[in-house]
Each structure stands twice: as structure tokens, then as C-alpha cells.
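The block underneath contains the structure these notes are about, expressed in C-alpha cells.
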Amino acid sequence: MDALYEVSVHWFFNNGDSGSTYGCRSRSIMRTCIFILYINLVATHAALTPELYWKSMLPTAPIPKSIAVLLRTPGKGSTVHSGFVSSKSVGYPVNEYMYGYHRCCESKLQNKPDTAIFFLENNLKSGHKMKLLFEKTSIQASFLPSEVVKSIPFSSTKIAEILNKFAVKPGSIKADVMKNTIKLCEESEIKGEDKYCATSLEAMLDFIIMKLGKNVEALSTEVMKKETKKQEYTITNGVKKEGGTKVMVCHKLDYVYAVFYCHKIENSVTYTVSLEGADGSRVKAVSVCHRDTSKWNPKHLAFQMLNVKPGSVPICHFLFQDTIAWVPKQN
């Protein structure tokens with residue numbers, strides 16, 4: 001039970017003394033009290049902002065910066081969001097790397113990127129150097145309250161209605177991006193995957209709690225400097241394994257409001273890694289290492305970049321700034 005539910009139950013079933021005909025301790029009006037409790041809970045949850053809902057469900061888990069910036073009231077200029085590493089900057093489609101490594105990425109690698117998009121788990125050690133790029137996240141597509149989202153369709157069969165609602169021109173680039181996002185969310189799970197597209201922060205929290213429980217923490221990559229450039233980074237004395245092999249990763253998708261693709265893949269571990277750039281800039285990065293890649297597409301770009309075969313070695317990557325790794329808290 002969440003905090004609001006516990007408080008409400010305590011109040012309703014202890015209101016008045018044991019002899020009171022108006023208290024919920026009286027069996028004669030127990031049914032009425034339960035109905036009133038239900039109405040109270042529905043009204044209370046509907047009135048909560050996404051931020052307050054987080055605090056009521058996960059009171060001991062800090063809200064990461066990547067989520068906090070999405071709680072701002074969306075402005076008139078809200079547009080689809082492109083993540084923090086662009087396709088142009090790394091040399092291949094970013095979305096394929098982000099969340100589709102099982103299904104796609106069959107294109108042949110033309111030019112090997114000069115940034116460490118993928119790396120091996122044994123590279124995560126103090127003193128190791130790799131060339132990285134941490135672009136500034138574009139803060140545009142914010143969360144909408146769950147009650148608002150529930151009134152908006154999110155289905156391929158309703159795409160015309162969706163585009164009309166957000167004044168998006170059919171056939172435009174933005175329309176195609178929105179269609180692809182919905183299509184990704186509607187794809188069936190692969191073996192070993194547990195996925196869900198959360199169209200609100202409340203929906204994300206409910207899914208995470210259902211899968212991992214309430215004793216969790218949310219981790220995201222944080223760049224201390226506003227502007228960074230592609231450069232060599234060194235791992236300092238700060239590599240920490242987080243949460244064992246249980247991890248749920250939520251990727252922010254390209255859409256007109258914040259939508260997250262959350263999925264759990266078996267045999268994956270999470271690390272927080274302290275990095276220092278050649279110019280002195282510091283990054284607290286979150287890395288996920290996939291220890292079983294045997295079911296990945298054999299033509300995945302990671303295998304081409306690292307010159308390894310599926311299932312041979314663990315493959316790691318850093319998470320984007322607007323991606324969340326959910327892990328059980330360590331005692």
C-alpha cells in the first residue's frame with residue numbers, strides 16, 4: 001500500500017471511539033466506509049501532480065535531474081525530443097542503439113565511429129581512457145499529468161486523431177517520428193524481455209514498483225558542465241556496481257510529450273562511473289552491461305564495432321542523460 005492509502009485506511013477505520021455509530025469500526029456501515037474510502041483515494045490521486053505522486057510512492061528515492069526537468073509545464077513550443085547523442089555526431093541511427101538492439105541494426109557499418117559507443121565490461125576500471133561525447137539534452141517534451149494522458153489515444157489505429165490533436169501535419173518528419181514511436185511500443189516482447197511504454201510519470205512508477213518493489217533508486221547520467229565536447233575521458237576511482245543483476249531501464253522516446261520505453265533484460269548489470277575529461281569536465285555516468293548477447297541480432301553494430309560475436313563477451317554502453325536505470329537499493 002502506498003502512503004496515501006495507509007493514511008486513509010487508518011483514518012477511516014479508526015475515526016471515532018469503538019461505540020460510535022459514525023465510526024468505521026461499526027460493521028453496520030462498513031460497506032459505506034469502504035465506498036467513501038474508495039472515492040477519497042480516487043479524488044486524492046487525481047489531484048496529485050506527477051512530482052507529488054513520486055514523493056507519495058517513493059518517499060526515500062530522490063528524483064534525478066533528468067526526470068525533474070521533465071516535470072516543468074510544457075510550453076507552446078514543445079517538440080519531439082532527440083536525446084543527447086545525435087545520429088550525425090556518432091555516425092549511425094541513435095534510436096537503433098538506444099532500445100532496439102535485439103530487433104534491428106542490420107545496416108553495415110560504413111565508418112567506425114571515433115567515440116566509444118560500446119565497450120567491454122573489463123574496460124570499466126580506474127585509469128581506462130575512452131573517447132566520448134555527452135551532448136546537452138534538449139528539454140522540450142515534458143510529462144503530462146496521467147489524467148490528461150488517459151484522454152489521449154496512443155495507438156497506430158488512432159494516428160490521424162493523434163496528429164490532429166497536436167496539430168502535426170501528416171507526412172511530416174514529426175508525424176513519422178511519432179508513428180515510429182507508437183509502432184515500437186506496440187511491438188511484441190522478445191524472449192527474456194519485459195517491456196512497457198509509460199506515457200506518464202505515474203504510469204512509469206506504477207510499472208517499476210510492480211516489477212521491482214518500492215525499495216528502488218533511479219539513476220541517470222549527469223554531466224556537471226553545461227557544454228561539453230567530444231574528448232578523451234578517463235575513469236577515475238569511482239566505478240560502483242549497483243543493484244545486482246536486476247535492472248529496469250527506461251529510455252525517453254521521441255514524441256510530443258514525455259513517453260518512456262521501459263524494459264528489463266535478463267543478465268544485465270548496472271554501474272555508476274566517474275569520468276574526467278581532458279578539459280577537466282566531470283561526468284557521473286551510468287553504464288549498463290549486457291552479459292548475455294546470444295539473442296542479439298548477429299548484424300548488430302556493437303559486434304562490428306568491437307569485433308566480437310554474439311554471446312562471447314559482455315557488452316556495455318553508457319546511458320543517455322534522459323534515460324533512467326532503476327535498480328534495487330543496496331543495504
Side-chain angles (χ1 to χ4, degrees), residues 58 60-70 83-86 89-90 94 97-99 101 113-139 208 212 215-252 260 264-265 267-291 302 305-306 313-331:
L58 301 174
T60 62
I63 301 177
K65 292 180 180 179
S66 55
I67 290 293
V69 297
L70 301 179
F84 86 102
V85 179
S86 65
S89 63
V90 299
V94 170
Y97 153 61
M98 283 179 62
Y99 38 73
Y101 47 77
D114 61 351
T115 52
I117 307 302
F118 298 100
F119 51 90
L120 303 179
E121 189 173 10
N122 59 18
N123 293 149
L124 290 175
K125 56 187 178 182
S126 179
H128 184 77
K129 299 178 184 295
M130 56 183 82
K131 200 167 188 179
L132 301 166
L133 172 65
F134 294 97
E135 288 185 340
K136 184 179 180 181
T137 302
S138 175
I139 306 166
I208 295 301
L212 298 179
N215 189 33
V216 295
E217 60 181 331
L219 306 173
S220 63
T221 294
E222 294 185 11
V223 180
M224 310 308 172
K225 197 174 181 180
K226 287 186 177 181
E227 299 293 336
T228 60
K229 60 183 179 180
K230 184 186 298 185
Q231 61 181 307
E232 187 175 74
Y233 284 85
T234 302
I235 299 177
T236 60
N237 297 321
V239 177
K240 180 183 177 184
K241 187 177 179 181
E242 305 279 1
T245 57
K246 290 184 178 181
V247 56
M248 185 75 70
V249 178
C250 294
H251 306 271
K252 190 170 186 292
F260 278 79
K264 180 176 67 176
I265 302 297
N267 299 316
S268 296
V269 294
T270 306
Y271 294 91
T272 50
V273 184
S274 296
L275 300 166
E276 183 173 347
D279 65 354
S281 59
R282 295 179 179 275
V283 177
K284 182 181 178 182
V286 178
S287 173
V288 172
C289 294
H290 305 277
R291 291 182 171 175
M305 293 178 188
L306 299 174
V313 291
I315 291 180
C316 308
H317 57 85
F318 288 119
L319 298 185
F320 294 177
Q321 292 180 70
D322 55 5
T323 299
I324 310 299
W326 295 88
V327 297
K329 284 184 178 178
Q330 295 177 312
N331 296 326

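Values below: all heavy atoms of this structure, side chains included; hydrogens, waters and symmetry mates excluded. Remember, it's a predicted structure, so these values are computed and weren't measured experimentally.
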Hey, which of [options] is the one that makes side-chain contact (heavy atoms from CB on, under 4.5 Å) with [X]?
X: Ile235; options: Glu276, Lys129, His128; result: His128
X: Phe260; options: Thr323, Val249, Ile324; result: Ile324
X: Ser281; options: Gln231, Met224, Lys229; result: Gln231

Subject >> Residue list, side-chain hydrogen bond (donor to acceptor under 3.5 Å, both in side chains) with Thr270, at least two apart or on another chain >> reply: none
Subject >> Under the side-chain hydrogen bond (donor to acceptor under 3.5 Å, both in side chains) test, residues paired with Glu222 that sit two or more places apart >> reply: none
Distance check, rounded to the nearest 0.5 Å: [X] atom [atom1] versus [Y] atom [atom2]?
X: Phe119; Y: Cys289; atom1: CZ; atom2: SG; result: 6.0 Å
X: Leu120; Y: Ile315; atom1: CG; atom2: CD1; result: 7.0 Å
X: His251; Y: Leu319; atom1: NE2; atom2: CG; result: 7.0 Å
X: Ser66; Y: Leu219; atom1: OG; atom2: CG; result: 9.5 Å
X: Leu124; Y: Ser287; atom1: CG; atom2: OG; result: 5.0 Å
X: Thr221; Y: Lys284; atom1: OG1; atom2: NZ; result: 10.0 Å

Work out which heavy atom in [X] is nearest to a heavy atom in [Y]; give both atom names and the distance.
X: Lys252; Y: Asp322; value: CB-O, 3.6 Å
X: Trp326; Y: Leu58; value: CZ3-CD1, 3.7 Å
X: Met130; Y: Ala116; value: CB-CB, 3.8 Å

Original post:
Considering residues, nucleotides and ligands other than Arg291, do more than 12 of their heavy atoms fall under 6.0 Å from its CZ?
Top reply: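 Yes, enclosed.
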Original post:
Counting heavy atoms not belonging to Asn237, are there more than 12 under 6.0 Å from its CG?
Top reply: no
So do the side chains of [X] and [Y] get within less than 4.5 Å of each other, counting heavy atoms only?
X: Lys246; Y: Lys264; answer: no
X: Phe318; Y: Val283; answer: no
X: Glu217; Y: Val327; answer: yes
X: Ile208; Y: Cys250; answer: yes
X: Lys225; Y: Phe134; answer: no
X: Val286; Y: Glu242; answer: no

**OP:** Please determine if Lys131 and Glu232 form a salt bridge, counting it only when a charged side-chain N lies under 4.0 Å from a carboxylate O.
**Re:**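 A salt bridge is absent here (no side-chain N lies under 4.0 Å from a carboxylate O).
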Subject >> Worked verdict on His317 versus His290 for side chain to side chain contact (heavy atoms under 4.5 Å, CB included) >> reply: CA-CA 9 Å; His317 57 85; His290 305 277; 3.1 Å; yes
Subject >> Audit row: Glu121, Val269, side chain to side chain contact (heavy atoms under 4.5 Å, CB included) steps and yes/no >> reply: CA-CA 10 Å; Glu121 189 173 10; Val269 294; 3.7 Å; yes
Original post:
If we ignore angles and hydrogens, is there a donor and acceptor under 3.5 Å between the side chains of Lys329 and Thr60?
Top reply: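 Yes, side-chain donor-acceptor contact under 3.5 Å.
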